[in-house]
*Asks:* 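Dropping a structure here in structure tokens format, bear with me for questions.
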Protein chains: 2
Amino acid sequence: MTVRMTRQRAAVAEALDESPEFRSAQQLHETLRARGDAVGLATVYRTLQALVDGGEVDVLRTGEGESLYRRCVTRAHHHHLVCRSCGRTVEIDGPSVEAWASAMGAAHGFADIEHTVELWGTCADCRAAHGA
Amino acid sequence: MTVRMTRQRAAVAEALDESPEFRSAQQLHETLRARGDAVGLATVYRTLQALVDGGEVDVLRTGEGESLYRRCVTRAHHHHLVCRSCGRTVEIDGPSVEAWASAMGAAHGFADIEHTVELWGTCADCRAAHGA
DNA sequence: GGACTGGTGAGAACGGTTGTCAAGTCGCCG
DNA sequence: CGGCGACTTGACAACCGTTCTCACCAGTCC
């Protein structure tokens with residue numbers, strides 16, 4: 001079961017590399033199609049899933065249940081501050097949060113603690129653009 | 001547009017009151033059906049949504065995108081430590097996390113900061129039951 | 001009791017995601 | 001370089017949770 005490099009996989013990886021924002025599978029699919037590098041939607045999903053499994057890409061889910069993907073700079077565990085309008089992202093680190101999370105888990109007898117910590121906001125540019 | 005008290009709404013509220021765990025709309029629907037208090041699924045969703053809007057019930061989304069509901073003790077803002085297997089929940093408070101979140105937002109020029117902070121684990125009982 | 005109006009439920013619609021499976025390719029081997 | 005087999009792909013159907021539709025039902029107020 002060798003892993004093959006195909007035109008499609010390269011295209012998805014490239015699209016990810018090009019945008020520093022978190023983007024949905026459908027947005028990436030649309031980008032590729034627009035550029036002429038057509039790739040089936042199912043393939044986009046499969047490729048993204050594989051990248052996520054390999055730890056090469058980060059995923060997070062919006063409040064509406066859509067998954068967003070991004071090739072993060074840091075491969076180590078970190079959190080995100082994401083613009084809810086354009087997807088622009090700042091990778092942040094929260095040592096105190098990690099400590100707090102595991103202490104809380106242990107204190108209540110829970111094991112295999114996992115935590116979800118994401119920050120959403122509106123970045124300066126989007127605020128300027130959207131009025132408000 | 002008066003709000004009416006109906007058998008269905010009362011049933012959903014009661015089902016919520018009976019279980020301290022986070023439960024999905026479908027689980028609640030099933031519980032009601034099993035008990036004989038049949039209520040349409042759409043109504044369960046509508047009622048839950050209304051309770052959430054009124055701040056009477058907390059929602060959170062599982063990693064798989066399903067929404068879970070729970071009548072929390074604290075009405076003030078708080079976070080949850082949830083058993084991923086049975087839904088058992090501990091309401092937790094994280095003043096340091098709140099401060100950290102808004103400081104991070106401000107530091108990067110993001111406004112209207114919102115944060116998602118949830119802890120998932122396996123509670124002692126479920127660990128005992130599931131072996132492992 | 002009657003009317004007015006919000007509520008209900010069965011089922012269709014939806015939106016994102018995953019599964020299906022025949023047809024297409026990558027890579028290795030000879 | 002041509003062949004082969006296993007891995008991939010893609011069009012489309014299936015899924016799943018959730019929301020919408022709309023005709024019928026039932027609280028509330030008088």
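Sequence lines set the chain letters: A, B, ... in the order given, protein chains first and strands last, and positions in each chain run from 1.
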*Asks:* Aromatic rings A:H79 and B:W100: how do their planes relate, parallel, tilted or perpendicular, breaks at 30° and 60°?
*Replies:* perpendicular

*Asks:* Across nucleotides 18-30 of chain C, 5' to 3', mark each nucleotide with B, S or - according to how protein heavy atoms within less than 4.0 Å reach it.
*Replies:* BBB----BBS---

*Asks:* May I ask you to evaluate whether A:Q26 reaches the phosphate of C:dG16, defined as a side-chain N or O under 4.0 Å from OP1 or OP2?
*Replies:* yes

*Asks:* Whole angstrom is fine here: how far is it from CZ in A:R23 over to P in C:dG16?
*Replies:* 15 Å

*Asks:* Tell me: CG of B:L48 to P of D:dT19, nearest whole Å?
*Replies:* 10 Å

*Asks:* Figure out the CZ/C1' separation between A:R33 and D:dG10, and round it to whole Å.
*Replies:* 11 Å

*Asks:* Are more than 12 heavy atoms, taken from residues, nucleotides or ligands other than A:R33, located less than 6.0 Å from that residue's CZ atom?
*Replies:* no

*Asks:* Given atom CZ of B:R9 and atom C1' of D:dA26, what is their separation to the nearest angstrom?
*Replies:* 12 Å

*Asks:* Where is the tightest heavy-atom contact between A:H78 and A:C72, given as atom of each residue plus distance?
*Replies:* NE2-SG, 3.4 Å

*Asks:* Using a strict cut-off of less than 4.0 Å between a Lys/Arg side-chain nitrogen and an Asp/Glu carboxylate oxygen, indicate whether B:E91 and B:R70 qualify as a salt bridge.
*Replies:* yes

*Asks:* Would you please confirm or rule out a distance under 4.0 Å between OP1 or OP2 of D:dG17 and any side-chain N or O of B:S67?
*Replies:* no

*Asks:* Output the rounded distance in Å from CG (A:D37) to P (D:dT9).
*Replies:* 13 Å

*Asks:* Rounding to a whole Å, what distance do you find between A:L28:CG and C:dG16:C1'?
*Replies:* 14 Å

*Asks:* Determine whether the side chains of A:R23 and A:T31 contain a donor N or O and an acceptor N or O closer than 3.5 Å.
*Replies:* yes

*Asks:* With sequence neighbours excluded, tell me which residues meet ring-ring contact (aromatic ring centres under 6.0 Å, His included) with B:H108.
*Replies:* none

*Asks:* Once you round it to whole Å, what is the distance between P of D:dT18 and CD of A:E66?
*Replies:* 16 Å

*Asks:* Can you tell me the distance, in whole Å, between the CG atom of B:D53 and the C1' atom of D:dT19?
*Replies:* 14 Å

